[in-house]
Visitor: 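Dropping the structure in here first, questions after.
In this text the structure is predicted, and so the values were computed from the model without any measurement. We count ligands from 1, going down the list as the structure has it; atoms in each ligand are counted the same way.
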Amino acid sequence: MSATIISGNLIASKFREELKQRVKLLSETWMQPGLAVILVGDNPASCVYVRNKAKTCDELGIHSEVFNLPGDTSQKALLRQIQDLNANPEIHGILVQLPLPDHIRIDEVIAAIATEKDVDGFHPCNVGALATGHALFHPCTPLGVMKMLSEHAIPLQGQHAVVVGRSNIVGKPMALMLLEKGATVTICTSRTRDLASHTLSADIVVMATGKSNLLTADMIKPGATVIDVGINRLPDGRLCGDVEFTGVKEKAGYITPVPGGVGPMTIVMLMNNTIEAAERAKAAAQAVAGCGSMQ
Ligand code: NDP
């Protein structure tokens, strides 16, 4: 029997309605949530991602500012830009579009973002908080995957989840979030011997490698949930994931497509984190105002 398709497009559009209501409430009772996106250079894929983020902000009523900095921007100038945004009360979320040019020290840049505005969840303090189960912001892509799993009521507790990929933005936080929900988690990498021996015992497989068609039907057990984070461009220009979709969907229980799977969820989770940052800023401002009136 063919797998149930987990449609990111469908879940994301449902979630967007909820986000619109939260933005409306904030705008009517306090101020518009604000997101700043910094792009250094003109990487074509990054330009598309940044345009999409600004467009989604517009659609939801979130104030957005895009800073297109030249590719030869110095480390110092970039840090100054982040400091300005850290101090800007109209901006609740700051995102630095990755990758950055080679001369920029990425760790230093991410560490410069105020933790309460780090809507990507990449700041080392937020990564540590996630590892201890007290995340301020969950990184957007794995958070989107968790929403997709919960939307379909896919059980996690006691299930064996195999995450293939160990990047800081997808694989590692994904593994931590599944662990937090009680799954037994295995992380595989390019150095893993016999990948199939791990994926074959998995109830849930999350693929985040950037290698097209790496996971094939003979590598999963019948009924497994298969989440495909990969976005790869084929020589003919079409997009595909890390999963050989046609074969795997005949054996899996649930599967995400590419495109239309995890991708649309990622951007909606970025909006969610920005609204959450604004909601916290509002609560903090009201607490200060409350203290003032008691004096
Ligand atoms: P990275 O290149 O940073 O990491 C890839 C990971 O995959 C590495 O840990 C690597 O192992 C592992 N890997 C590579 N080949 C194999 C293999 N043959 N077997 C097992 N593991 C392997 O990529 P990202 O995590 O940034 O992104 C992964 C994919 O997800 C990409 O296609 C990217 O475009 C996509 N993506 C999609 C998003 C979305 O919204 N849908 C958001 C972000 C990313 P090792 O560490 O040993 O090198």
Visitor: Tell me, please, which residues at least two apart from His138 pass ring-ring contact (aromatic ring centres under 6.0 Å, His included).
Guide: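 None.
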
Visitor: Determine, for Glu59 against Lys55, whether the closest basic-nitrogen to carboxylate-oxygen distance falls under 4.0 angstrom.
Guide: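 Lys55 and Glu59: salt-bridged.
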
Visitor: Is any NZ, NE, NH1 or NH2 atom of the basic residue among Arg22 and Glu279 found under 4.0 Å from an Asp or Glu carboxylate oxygen of the other?
Guide: yes

Visitor: Under a 4.0 Å heavy-atom cut-off, what residues line ligand 1?
Guide: Thr141, Val164, Gly165, Arg166, Ser167, Ile169, Val170, Thr189, Ser190, Ala208, Thr209, Gly210, Lys211, Leu214, Val229, Gly230, Ile231, Asn232, Val262, Gly263, Thr266

Visitor: Hey, are Glu151 and Lys147 close enough for a salt bridge, meaning a charged N less than 4.0 Å from a carboxylate O?
Guide: no

Visitor: When you measure from the centre of the six-membered ring of Phe137, is the NZ or CZ of Arg280 under 6.0 Å away and within 45° of the axis?
Guide: yes

Visitor: So which of Thr186, Asp203, Thr184 actually passes side-chain hydrogen bond (donor to acceptor under 3.5 Å, both in side chains) with His160?
Guide: Thr186

